[in-house]
> 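Before I ask anything, here is the structure I am working with.
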2 protein chains.
Amino acid sequence: MINKSSPIPIYYQLEELIKDQIEKGDLKPGAALPPEREYAETYQISRMTVRQAFTKLVNDGYLYRLQGKGTFVAERKVEQGLQGLTSFTEDMRARGLEPGSQLINFEVISAPVRIAKYLSIEEGSPVYEIKRIRLADQVPMALETTYISVDKVKGLTKEIVNRSLYEYIEGTLGFKIDHAKQIIESSVANQIESEYLSIKEGAPIMLIQRNTYLEDETPIEVVKSSYRADRYKFMIDMKR
Amino acid sequence: MINKSSPIPIYYQLEELIKDQIEKGDLKPGAALPPEREYAETYQISRMTVRQAFTKLVNDGYLYRLQGKGTFVAERKVEQGLQGLTSFTEDMRARGLEPGSQLINFEVISAPVRIAKYLSIEEGSPVYEIKRIRLADQVPMALETTYISVDKVKGLTKEIVNRSLYEYIEGTLGFKIDHAKQIIESSVANQIESEYLSIKEGAPIMLIQRNTYLEDETPIEVVKSSYRADRYKFMIDMKR
DNA sequence: GAGTGGTCTAGACCACCCC
DNA sequence: GGGTGGTCTAGACCACTCC
């Protein structure tokens with residue numbers, strides 16, 4: 001199960017192995033895992049390496065530890081907010097909905113002052129402005145506008161946007177998206193939003209602004225979304 | 001600076017030391033820290049111990065690492081969402097507002113089915129129902145109702161609630177609050193909410209339900225809050 | 001090649017829980 | 001007392017970055 005001569009780190013292999021067992025149901029919520037020392041013995045690896053894998057799984061919410069007692073499988077977070085940052089597509093799939101998208105605008109504009117500030121670029125620099133209606137099971141879920149610096153992300157096209165923006169940024173360009181700051185507020189739909197989202201003017205909506213960053217804190221993307229409040233709830237798990 | 005004979009773990013002492021330096025400005029955002037090996041040498045501790053402290057600070061968003069280059073201080077998250085779970089009081093203080101509270105109801109009721117389910121107790125078991133108007137700079141910010149199992153948290157009184165509920169649960173009772181699931185949605189104020197929050201009926205509000213858990217996943221508290229949308233935004237930092 | 005973080009080992013002792 | 005996780009050591013070699 002563990003390949004010590006593989007270039008894949010041992011702690012990562014063990015992590016995936018345990019995640020698999022949890023997802024398959026071999027390890028059930030609340031059940032105690034074999035002790036760290038037993039994993040070390042079984043796979044002939046150091047206990048510190050086992051702890052590295054365990055620690056990651058605890059941070060990601062798969063396991064929890066009780067001193068003197070053992071390590072246990074956490075309750076399933078079914079229908080719970082995803083841990084970590086996800087794309088709209090991943091988010092909808094996790095909710096059991098079929099994601100869809102309708103591009104309504106794709107152009108290069110001069111960065112307005114606020115967008116420039118968020119992206120740490122000069123005011124007036126070229127940025128892509130991508131406006132989309134996001135669908136879930138063919139029904140409008142959100143109106144979304146994405147701003148990306150042309151200088152940082154070159155070669156973006158309508159086709160790429162329609163396929164997968166994140167895949168292009170992470171896969172093709174090799175950037176590592178690391179984290180995002182999100183600001184969530186409640187509001188009511190204006191005329192434009194009500195039209196695109198097929199709701200009444202004045203109906204409640206949830207505004208989410210997301211600023212996305214790479215590992216070294218370079219801002220890579222700003223997304224402003226208006227979600228239909230009757231269809232969308234934001235769920236999240238926070239550590240103390 | 002580091003006391004090796006102290007009962008406080010070395011990695012934790014180092015963590016606090018570096019956090020202090022960042023907060024004091026001795027270490028500025030973007031600046032490279034001395035290499036791990038240098039810390040180990042300076043304080044005569046193992047490099048693994050230094051890494052343990054660094055790893056925690058990276059996870060908490062204070063530092064970031066670039067392989068082959070070094071470890072750096074992350075950008076300030078001033079006026080950004082707090083990392084982690086905070087009380088209303090902590091939240092308001094972080095926003096530079098003076099928190100306040102007005103108790104409007106404190107009683108023991110029979111748990112309704114939904115509350116019982118969230119708290120993992122029998123329907124009809126006794127629960128405290130605590131209704132409060134939460135103030136920021138003396139102005140209503142949110143209407144908040146808290147449900148807590150009487151069997152799990154004994155001896156709760158109005159006085160304790162007015163002082164600090166979390167301090168009682170964590171300090172006096174010794175429970176360790178570990179994480180919380182939050183569900184955020186947009187809505188409009190009904191008659192009761194509009195009255196307590198001093199806003200018009202139909203004005204946008206943000207509903208937040210928080211289910212709080214201990215380390216071993218025991219639910220300890222359910223809080224339902226209605227925040228004034230004109231005064232409150234929810235900010236959060238998420239890892240990919 | 002020198003310096004950085006990334007991974008890994010084979011031990012050790014401590015603190016806490018439960019019998 | 002025996003088993004668990006929590007902390008710590010003193011090394012090692014690898015991968016990556018920069019000169």
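The structure presented is a predicted model; accordingly, all values stated were derived computationally and were not measured. Each chain gets a letter, A, B and so on, in the order the sequences are listed, and its residues count up from 1.
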> State whether the side chain of A:Lys19 and the backbone N or O of A:Leu14 hold a donor-acceptor pair below 3.5 Å, judged by distance alone.
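No, the answer is negative, given that no donor and acceptor are paired below the 3.5 Å cut-off.
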> Going by atom types alone, do B:Arg51 and B:Ser46 pair a side-chain donor with an acceptor below 3.5 Å?
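No, because no side-chain N or O of B:Arg51 sits under 3.5 Å from a partner of the opposite role on B:Ser46.
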> Whole-Å distance between D:dC8 C1' and A:Arg51 CZ?
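These atoms are roughly 11 Å apart.
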> Please list, by residue number, the residues of residues 11-20 of chain B whose heavy atoms come closer than 4.0 Å to an atom of DNA chain C; answer none if no residue qualifies.
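Close to the strand, none.
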> Rounding to an integer number of Å, can you tell me how far A:Asn3 CG sits from C:dT7 C1'?
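So the two atoms are 15 Å apart, to the nearest Å.
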> To the nearest Å, give me how far apart CD (B:Gln52) and P (D:dG5) are.
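Computing the B:Gln52:CD to D:dG5:P distance gives 16 Å.
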> Who pairs with B:Tyr39 by ring pair (Phe, Tyr, Trp, His ring centres under 6.0 Å), at least two apart in sequence or on another chain?
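B:Tyr39 satisfies ring pair (Phe, Tyr, Trp, His ring centres under 6.0 Å) with B:Phe54 once adjacent residues are dropped.
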> In whole Å, what is the span from the CG atom of A:Leu63 to the P atom of D:dG5?
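Whole-Å distance recorded here is 11 Å.
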> Whole angstroms only, please: what is the CZ-P distance between A:Phe54 and D:dG5?
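In whole Å, D:dG5 P lies 7 Å from A:Phe54 CZ.
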> So, B:Lys131 and B:Thr145: side-chain donor and acceptor under 3.5 Å apart, yes or no?
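The criterion, which ignores hydrogens and geometry beyond distance, is satisfied for B:Thr145 and B:Lys131.
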> Considering only NZ, NE, NH1 and NH2 on the basic side and carboxylate oxygens on the acidic side, decide whether A:Arg47 and A:Glu41 come within less than 4.0 Å.
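No.
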> With the side chain of A:Thr49 defined as its heavy atoms from C-beta on, choose the nearest nucleotide among C:dC8, D:dG5, D:dC8.
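Ranking C:dC8, D:dG5, D:dC8 by closest atom to the A:Thr49 side chain puts C:dC8 first.
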> To the nearest Å, how far apart are B:Arg65 CZ and C:dT4 P?
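One finds 14 Å between P of C:dT4 and CZ of B:Arg65, rounded.
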> Distance check: side-chain N/O of B:Lys56 vs OP1/OP2 of D:dG6, anything under 4.0 Å?
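For D:dG6, neither OP1 nor OP2 has a side-chain N or O of B:Lys56 closer than 4.0 Å.
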> Does a salt bridge link A:Glu90 with A:Arg93, judged by any charged N lying under 4.0 Å from a carboxylate O?
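No, no charged N to carboxylate O under 4.0 Å.
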> Verify whether one side chain among B:Tyr166 and B:Glu221 offers a donor that lies under 3.5 Å from an acceptor in the other.
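Short answer, yes.
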> Answer yes or no: is there a side-chain heavy-atom contact under 4.5 Å between A:Phe106 and A:Tyr128?
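A side-chain contact under 4.5 Å exists here.
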> Write down the distance between NZ (B:Lys4) and P (D:dC8), rounded to a whole number of angstrom.
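Answer to the nearest Å: 10 Å.
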> Give the B/S/- string for nucleotides 11-19 of chain C, one per nucleotide from 5' to 3', where a protein heavy atom under 4.0 Å of the base yields B, of only the sugar-phosphate yields S, and otherwise -.
-BB-BBSS-
> To the side chain of B:Pro35, which of C:dT9, C:dG5, D:dG5 is closest?
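Comparing C:dT9, C:dG5, D:dG5 against the side chain of B:Pro35, the answer is C:dG5.
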> Assess, by modelled atom type and distance only, whether the side chains of A:Asn3 and A:Ser5 contain a donor and an acceptor separated by less than 3.5 Å.
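Note: A:Asn3 and A:Ser5 side chains meet the donor-acceptor criterion.
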> What integer distance in Å separates A:Phe72:CZ from D:dG5:C1'?
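Interatomic distance, CZ of A:Phe72 to C1' of D:dG5: 10 Å.
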> Side chain of B:Glu36 only, heavy atoms from C-beta on: which candidate in D:dC8, C:dG5, D:dT9 is closest?
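Closest of the options to the side chain of B:Glu36: C:dG5.
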